Structure formats: structure tokens, C-alpha cells
Amino acid sequence: MTTEPATQYLDVVWLSVAAILVFLMQAGFACLESGLVRAKNSINVVIKNLVDFLIAALSFWCLGFALMFGDSWFGLVGTSGFLFEGGATPWMATFFFFQMMFCGTATTIVSGAVAERMRFAGYFICAAILSTLIYPIVGHWCWAGLEQANPSGWLAKLGFIDFAGSTVVHSVGGWISLAAVLVIGPRAGRFDPEPKEIEGHNLPLAVLGVFLLWVGWFGFNGGSTLRINATVPVILINTVLAPVAGGLTAVVITWVLHRKPKVGIIMNGVLAGLVGITAPCHVVGPTGAVVIGAVSGVVLFVGMWMLERLRIDDAVGAVPVHLFCGVWGTLAVALIGRPEMWGNGHGRWEQFVTQVTGVAAVGALSFGGGLALLLLINRFWPLRVSAEDERIGLNVAEHGANTALLRLLMEMDQQRRDGDFSRPVQVDAETEAGQIATLYNRVLERVRVETRRREKAVQDMRIAKEAAEEASKAKSHFLASMSHELRTPLNAVIGFSEMINQEVFGPLGHARYREYITDIHSSGTHLLTLINDLLDLSKIEARKYELDEQDVDIAVVALSAARFIQKPIHDKQLKFNTQITPNLPPLRGDERVLRQILLNLLSNAVKFTPRGGAVELKVESEPDGRIAITVSDTGIGIARKDLARVMEPFGQVPGKANPETQGTGLGLPLTRSLVRLHGGTLVLRSEVNEGTTVTIRLPLWRVVRKNRNVA
């Protein structure tokens, strides 16, 4: 039995531990991605993380390892070692195990980018393409023969350096992610119409995922030495400092730009630093690691901003983290790495050109080949779920999987869509969602009670409105009929009394008869005025009063109304003053109605002004162009508490109704209604024993501007 050197067993142990740490990154990706998506898609994301590792592990065993590390065909692809059987030594078996974990990591990067909208079957195909073809071929170009310190891949022969996979693992996953999101498009509502952030449902879980990835990265970078040696401690230190610098840079950027530390950006800042240090972790010191991590944080932010401007939807930021920072980390080998540690004799510029060549070649194969294959597949087998499946969530649509909270949200959403809140939602009493459902059902019950109460109130209002309309119709019909029946005899009474008073058929025998005839004429006139006012109010309330509109000279109408009250003014020895602004513009209105408004106001003013008092009529154009009509008197006035009453039909002022001043109680209400028909306003101001002022303002649109004379 041959005894292997002790150092080889130490190498096996170290590489095995590193491989297990890399495998732990699968758990980190699962936590990160499921926490950054909505709850209705969380199960779909984690099952994709599990299944893509199953695909990657099996395909890498069958084909991938052979294509990546088999005998090289022109430095392009391996041709031996299919269906790996364990290799010649324990170390070789451990190396296979380690590289299998790398393949799983590269594959699972895509699941986060395409989350919430890619079919499970489509993702299955995408994972198979990456792990079976693209990743092994790129790996052969960069790493073939390195396990034996004899590079055989064409990029490795050029001196291309990618120590732990900033390009081979992360950029490849990032390139495929970019191709996939371009093919399937953004999530519904992400850019409709403006960019809108879609928050993850469990950020604490996502932060836990970052920590798990960070732990796994110690195996990722440290294990890439393939053997335990003196460089491992520095590599591990760099794997701490670079993500620290990336995370802190992200904190500063988001705090400055968003005025608050955004959790998602800070998490991705840590991951950006990890990706950036992966390629050069063995050729830089701690200071270089801090610089690389800080720049990675900036690259991340610029990449996220650029994707949003281009309306490219990456659900978890996989493309900026793994692709953009992977490219940066690869170039940082030449820009920041120590030339004496490259081991290929290149100068800095020569190494930079080599790194750019590697980035470009890998990008062409990964993005170009991946995009072509995905477009071809999408043409015959759509990769995106339907709009309805996306709405309800891929947990249910793709897997029939559900959670208590998700069931509750779906029921609530269904009620919203149907508008049917008559039934309660189901309650899972032992869950947190059950407590929400119980409270929601109580809210629904209260809503139903309030709805029934409001419906009854609306029904009662409708019945009352119908009754009021019927009563109004009956009143209008009664008033119209009665006015017709009363007008004829009243007109006869008034006419006959005038004839008798004028002694048409001879002299009256007694002076008392003349007094009685005067009373009969006055009473008849009062009743006829009352009937006419009632009929006009009824028409206005029934909205059947129509204005005969024309251009009216308001000055002429005012003077005409003033002539009608000359006799009572003379009889009561009142002072009457008129102030009418010359050259007033015409008004669009009903001339008869405007004259009636003025007659009502002037008659009231004369009626309620004691002998020897004063009445004034003023018509003017206000500064804003409106026409104002003011009638004022020095009469008995109205107490402030009674102002509202006199504006109601039959609203007499208490204590003022006497034979001299008694009116119909309809003058002011009718006047206000007629003013409103013209779109105007009526303002009443009065003080007891001091007098009353009524101001009417007609709207500007009633003024005929084109005929206005300019002084």
C-alpha cells in the first residue's frame, strides 16, 4: 500500500472544505433572491435555485468537466474525461468536486435576474445551456491545464489571469442573465409608464443571504489556490476588505443621492466588492483590495442606473453585480495587481490588453451565443409566463404552491376585482395571516353594515325626493289652475272699481262709497300681485321659467322703473335720488324681468320708508366690469336676526306688518330668484330704524363688451 505525502492530504482537506463553503453559496443565493422578490414568487425562486444546481451538477459530471479540463483541442475545448469516474488521485477527485460547485454558482446567478416572469421549463433550458456548454468552454479557455501548472486553454496561454472566476464564473452568469432579461422583457409595471421600484417581501432574509454568500466566498477565493500555501491568509483578508469597501461605498452613495441608506443597494455593494476581488485576490495586498472594493461599489451604482435608463429589468441586480463588477475585477488584475506576482513576464500594458481580450472573447461567446440560443428557443417555446400567471404569482401558476399569506392576498385581490364583498375570506387560525384575515373579515362586516345603512338612507331619500317632486307638481298644477280661476274675477273687480271710481255712469251718491271703491281696488290689486308672484315662484322652482333674452339698456330700464313709483314718492314726500353711470354697456337679459326686479326693490323701499325719508337708486359699472344695481332707503329697517326670514316666501318681519307697510311676503324671495336666473347675486344689508340697502351684481358674462364705450 502506497503512502501519500501528508501535504497532499492537507491539500485535499483544504480543497474539500473550500468546496463545501462554495456549496453553501447556493443557500446564500436562495435567501438573497427569495427575499428580494415578492412573496407570490418566493417559492418559485428558491426551487429554481435548487433545480439549477441539480442540472449543473449532473451536466458537469457528464460533460462539463471533460469539456473544461479534458485534453485540449486547439485550446478551445476539452475532449476527454466524460462521465468522470474519480480520477487517478484523491486530490483529482476533490478538484472535480470543487469545480462542480463553481459550475453550480455560475448557473444560479441567472435565476435572480429573470425572477418573477420566466417559465420554470424555460429556466431549466437556460440553466442547461449555461452549465453544459458555455461555462465549460469558457472555463477551458481560461483554466484548462492550471491544475497541473501547464496551461492549455488559448486565453491561459496568452497570460490571461482570472484567479477565482470574476470572468469565468461571474461574468458568464452575468452575460447570460443580460441576454435572458432582454429576451423576456421587464416585469409588468416595472417601467409603466415611469420606472417604479418593486420592493422585495423579506429584506432580513436577503441580508442573511449576503452573509451566507460572504462565508462561501472564503472557499471560493481561498480554495482557488487549489492547495494550502502561504498566499491563503492574504487572500482571505482581501476577501474581507474588498466587500467591506464596496458596502461602505454603497452606503455613502445611496445616503447622498437618496437621503437614506437603501438596503438593496448596500447589500449589492457588498456583493460587488466580493465579485471585484475574485480575479485579482492573489496579486494585490489589503490596500489594493480596498481600492478594488470601493470602485466596485461605484461600478454597481452606475450599472444599476444605466439599466434603469435603458429599461432593462434585473430583479435582484445580478447584471451590475456579477457582469459589470466581474469585468472590473478582471481588468483590475492589470490596473492594480502587482506585476511580479502575475508569473507570466508581462508588463502592465501588455497584461491589460490580455485582460481586455479575455473579457471581450468571453462576452462574445456568453452573450452572443446565449442570446442567439434563447431567441431561438423563445420563438418555439415562449420563455415568459402569461400576464395572468405573472399577476397571480409563479408560486401558484408554476408549482401550485401557496402560503397562508399569499392565499389571503389572492382572496382579497379577487374580491377587489369582482367587487363582491359579501362573503368573508378564509381564516387559517394558527398563522400570522389568520390574524390579518380575522381583522379583515371584521372590517368587511362593518363595511356591509354601513353599506346597508347607506343604501336604506339612499332609498329613503329617493322616496322622499319622489314624494317632494309629486308634491311640487301638484302645487304647480294647483297654482296654475287657481291663478287662472282667480285672475279673471279679480281683473273684473279691479276694472269695475276703476269705472265706478271714475264715475263713468254718473256721480256717486255718498263720499263713503268712493272710499269703499278705493279699498276694493287696492285689495284686488294686492291679490292679483300675490297670485302673479306665486305663479312666478312656482315656475322658477319647477325650472319652467324661461328668460326672453336680448341686449338691454339697463339705464333706460332703471329710469322706467323709477317713473312707476313717482306718485307714492310724491304722496309720502320722500326724497328720491338716482345715480346712473353714463354710457353703461348693454346687458344680455330679459328686459321685463329686470324691470320687475327694480320695481320690486323700489316699491319695497318706498313702502317701508316713513314720510319725509329718502330713497336712492344707483346703477354703476364696478372695477371688474360687472354691473351693480343698488337700492337704499332710510326706512324702518330689519333686525339682523330677521334678515334670513324675509328672504323666505311669506316671511313677514315680526311687528312690522300693519296696513301701511303690509306686503305679500314674496317680493324679496321672488326678486332673489329672478336675479339668480340671470346668474347674479343679491346682498341685503339692514339696520333697525336706519334703513335697508339691497345690492344686485350681474355677472361679467352678461355684459355685452363689444358695445362698451371707452371714456
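No experiment lies behind these values; they were computed from the predicted model shown. Numbers here simply count residues along the sequence, with the first being 1.
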Close aromatic pair by centroid cut-off 6.0 Å: [X] and [Y]:
X	Y	result
F69	F96	no
H170	W217	yes
F220	F102	yes

* So F98 and S224, side chain to side chain contact (heavy atoms under 4.5 Å, CB included) or not? Walk me through it. -> CA-CA 9 Å; F98 183 69; S224 292; 4.1 Å; yes

* Worked check of ring pair (Phe, Tyr, Trp, His ring centres under 6.0 Å) between F84 and F60 -> CA-CA 9 Å; F84 181 77; F60 193 75; 9.0 Å; no

Heavy atoms only: give me the nearest [X]-[Y] pair and the separation to one decimal.
X	Y	result
P261	I266	CB-CD1, 3.7 Å
I55	A127	CD1-CB, 4.1 Å
A18	G219	CB-O, 3.5 Å
P286	I237	CG-CG2, 4.2 Å
G317	N268	CA-ND2, 4.1 Å
A245	T249	O-OG1, 2.7 Å

For the side chain of [X] and the backbone of [Y], is there at least one donor-acceptor N/O pair under 3.5 Å apart?
X	Y	result
W175	L323	no
E398	F120	yes
S166	A279	yes
N395	I43	yes
D162	V168	yes
S42	R38	no
R190	P195	no
S59	A56	yes
R384	R117	no
W328	V295	no

* Sequence neighbours excluded - salt bridge (Lys or Arg N to Asp or Glu O under 4.0 Å) pairs with any residue from residues 173-188 -> E116-R187, R187-D313

* Under the salt bridge (Lys or Arg N to Asp or Glu O under 4.0 Å) rule, what pairs show up with a residue in residues 251-276, not counting sequence neighbours? -> E197-K262

* **Parallel, tilted or perpendicular, as decided by the 30° and 60° cut-offs, for the rings of W154 and W141** => perpendicular

Value rounded to 0.5 Å, distance of [atom1] in [X] from [atom2] in [Y]:
X	Y	atom1	atom2	answer
I277	S296	CD1	OG	8.0 Å
S111	N44	OG	CG	9.5 Å
E147	M68	CD	CE	9.5 Å
F218	T239	CZ	OG1	6.5 Å
M101	M25	CE	CE	12.0 Å
F95	M100	CZ	CE	12.5 Å

Check: [Y] and [X] side chains under 4.5 Å, non-hydrogen atoms:
X	Y	result
D52	V110	no
L32	V316	no
N202	P204	yes
P280	I292	yes
T107	Y135	no
S177	I109	yes
L76	H140	no
V172	H322	no

* Asked: Can you find a side-chain donor-acceptor pair between N49 and Q26 that sits under 3.5 Å?
  ->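 There is no such pair (donor and acceptor under 3.5 Å, judged by atom type) between the side chains of N49 and Q26.
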
* Checking side chain to side chain contact (heavy atoms under 4.5 Å, CB included) for the pair N221/L236: CA distance, chi angles, key distance, verdict? -> CA-CA 7 Å; N221 288 353; L236 297 180; over 6 Å; no

* **side-chain hydrogen bond (donor to acceptor under 3.5 Å, both in side chains) between H282 and T225, worked out** => CA-CA 9 Å; H282 67 309; T225 58; over 6 Å; no

* To do: Apply side chain to side chain contact (heavy atoms under 4.5 Å, CB included) to V169 and V275, showing your working.
  => CA-CA 10 Å; V169 177; V275 172; over 6 Å; no

* Using a cut-off of 6.0 Å, state whether more than 12 heavy atoms not belonging to R311 lie near its atom CZ. =>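 It does: R311 CZ has more than 12 such atoms within range.
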
* Run the numbers on F301 and T254 for side chain to side chain contact (heavy atoms under 4.5 Å, CB included), then give the verdict. => CA-CA 9 Å; F301 190 83; T254 183; 5.6 Å; no

If you look only at distance, which donor and acceptor atoms sit under 3.5 Å apart when one is on a side chain in residues 355-379 and the other is two or more places apart or in another chain?
| from | atom 1 | to | atom 2 | distance (Å) |
| --- | --- | --- | --- | --- |
| Q355 | OE1 | I161 | N | 3.0 |
| Q355 | OE1 | Q351 | NE2 | 2.8 |
| Q355 | NE2 | I161 | O | 3.0 |
| Q355 | NE2 | T330 | O | 2.7 |
| T357 | OG1 | V353 | O | 2.8 |
| S366 | OG | V362 | O | 2.9 |
| N378 | OD1 | L383 | N | 2.9 |

